[in-house]
Amino acid sequence: MENHLNPFIHISCSYPKRHQVNQCSYFWVNSKAKTGVPLCLLGFGAVRLRTDMNRLLSLLFHQGVLDEQFLQLQQLQDETSPNFVSEVVTIYFHESEKQLRNLRNLLLDREMWDYVKLIIHLNQLMGSSSSIGAKRVRNICAAFRGAVEQNNRSACMRALEVLEHEYCYLKNKLHELFQIEQQRVLGDAVRYPGVLHP
């Protein structure tokens, strides 16, 4: 059986090479002004990009991946901090991967069952997941903690596998969401260069 708990394997969540929902059609604006810029970046795809963002967010809320805390995080983003959400989430992912590696290493140490450290790492991951609205990751952490409290090592290892899988799903979907947002912002910059770049 394949070992999913190798401590030397870095958690790698593969991203799609390009956003699959939104496809930009590359046509010239007209025969006299061949800018080489796709129509979607000239504002024609703005509605489509916004629709794609809303559809993806709706899916993640429907699946229980995110909760209302993520919306509250978005409300803190404004013109003075246009990348606030992505920056906060990037920090979350960086810290979460450290917590997941620590959890894996602790579970692989068969000579010692460090209950206290396991609980500490899980509580930290639960707290940070709650702060960005990662509902499903938070809930899995809670179930994982229950297995630790019952001193059930096999259940803990299963919970870790589920947690890593859910973490990768969350990371991929938020990466996709931020890609769409980046396309939308770039489209606005091309459409309104005088406003966004005085």
Side-chain angles (χ1 to χ4, degrees), residues 1-17 53 56-77 81 83-181:
M1 181 177 178
E2 183 181 357
N3 182 10
H4 296 287
L5 298 174
N6 190 327
F8 301 105
I9 295 179
H10 176 69
I11 298 172
S12 177
C13 305
S14 59
Y15 305 135
K17 291 185 178 180
M53 287 182 62
L56 180 54
L57 275 174
S58 295
L59 173 67
L60 296 177
F61 278 98
H62 178 73
Q63 293 176 334
V65 175
L66 298 176
D67 61 21
E68 63 279 356
Q69 181 61 31
F70 187 80
L71 295 179
Q72 294 180 23
L73 198 64
Q74 285 185 314
Q75 291 174 2
L76 297 176
Q77 181 167 293
S81 54
N83 301 315
F84 176 77
V85 177
S86 63
E87 289 172 356
V88 169
V89 171
T90 297
I91 294 172
Y92 164 77
F93 286 140
H94 178 73
E95 295 301 319
S96 295
E97 291 197 11
K98 289 197 296 185
Q99 300 297 342
L100 288 169
R101 285 195 298 270
N102 289 335
L103 288 167
R104 189 187 309 112
N105 290 334
L106 285 169
L107 287 178
L108 284 173
D109 187 353
R110 297 189 176 278
E111 296 181 359
M112 182 177 181
W113 177 259
D114 199 326
Y115 169 91
V116 175
K117 285 187 178 180
L118 284 167
I119 293 296
I120 289 174
H121 291 309
L122 282 170
N123 284 342
Q124 290 175 342
L125 187 54
M126 282 181 64
S128 59
S129 297
S130 296
S131 70
I132 70 158
K135 180 180 179 180
R136 240 163 48 181
V137 170
R138 181 197 66 209
N139 290 345
I140 294 170
C141 286
F144 193 163
R145 188 173 62 182
V148 174
E149 291 171 346
Q150 294 174 10
N151 199 27
N152 189 333
R153 184 183 288 270
S154 62
C156 287
M157 297 183 73
R158 289 194 300 271
L160 179 59
E161 291 180 1
V162 174
L163 181 58
E164 289 179 338
H165 173 79
E166 188 59 40
Y167 167 82
C168 282
Y169 182 78
L170 172 71
K171 189 173 184 179
N172 284 336
K173 289 303 180 182
L174 290 184
H175 178 79
E176 184 179 353
L177 183 69
F178 295 146
Q179 280 188 322
I180 303 173
E181 172 66 11

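The basis for the numbers below is simple: all heavy atoms, side chains too, and nothing from hydrogens, waters or symmetry mates.
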Review point. Are side-chain heavy atoms of Leu71 and Leu66 found at a separation under 4.5 Å?
Key: no
Point to revise | Main-chain N/O of Ser86 paired to Asn83 side chain as donor or acceptor, under 3.5 Å | key: no
Point to revise | Glu166 side chain vs Val137 backbone, donor-acceptor pair below 3.5 Å | key: no
**Study point:** Sub-4.5 Å side-chain heavy-atom contact between Val65 and Leu59
**Key:** no
Point to revise | Under-4.0 Å salt bridge between Arg101 and Glu164 | key: no
Exercise for review: Can you measure from SG (Cys141) to CG (Leu125) and round to the nearest 0.5 angstrom?
Suggested key: 3.5 Å
Check your understanding: Which pairs, with at least one residue in residues 87-115 and sequence neighbours excluded, count as a ring-ring contact (aromatic ring centres under 6.0 Å, His included)?
Key -> Phe93-Tyr167
Practice item. Name all residues meeting the salt bridge (Lys or Arg N to Asp or Glu O under 4.0 Å) criterion together with Lys135; count only those two or more places apart in sequence or in a different chain, and write none if there are none. Key: none
Review point. Any side-chain donor-acceptor pair under 3.5 Å between Ser154 and Asn152?
Key: yes
Point to revise | Distance (rounded to the nearest 0.5 Å) between Leu122 CG and Gln99 CD | key: 8.5 Å
Review point. Ser131 side chain to Ser128 main-chain N or O, any donor-acceptor pair under 3.5 Å?
Key: yes
Review point. If we only count heavy atoms from C-beta on, is the Arg136 to Leu170 side-chain gap below 4.5 Å?
Key: no
**Study point:** Distance, nearest 0.5 Å, that separates CD1 of Ile140 from CG of Leu163
**Key:** 6.0 Å
Review point. At what distance, to the nearest 0.5 angstrom, does CG of Leu118 lie from CG of Asn151?
Key: 10.0 Å
Review point. Got Asp109 and Asp114 here, is their nearest side-chain heavy-atom distance under 4.5 Å?
Key: no
Exercise for review: Not counting sequence neighbours, list each pair that qualifies as a salt bridge (charged side-chain N to carboxylate O under 4.0 Å, His left out) and has a residue in residues 146-158.
Suggested key: none
Check your understanding: Could you state the interatomic distance from CZ (Phe144) to CE (Met126), rounded to the nearest 0.5 Å?
Key -> 12.0 Å
Practice item. Could I get the full list of salt bridge (Lys or Arg N to Asp or Glu O under 4.0 Å) partners for Arg145, not counting sequence neighbours? Key: none
Review point. Can you list the residues that meet the salt bridge (Lys or Arg N to Asp or Glu O under 4.0 Å) rule with Glu95, with sequence neighbours excluded?
Key: Lys98
Point to revise | side chain to side chain contact (heavy atoms under 4.5 Å, CB included) partners for Gln69, two or more places apart | key: Asp67, Gln72
Practice item. Carefully, step by step, assess Leu57 and Phe70 under the rule side-chain contact (heavy atoms from CB on, under 4.5 Å). Key: CA-CA 10 Å; Leu57 275 174; Phe70 187 80; 3.7 Å; yes
Review point. If you round to the nearest 0.5 Å, how far is OG of Ser96 from NZ of Lys171?
Key: 9.0 Å
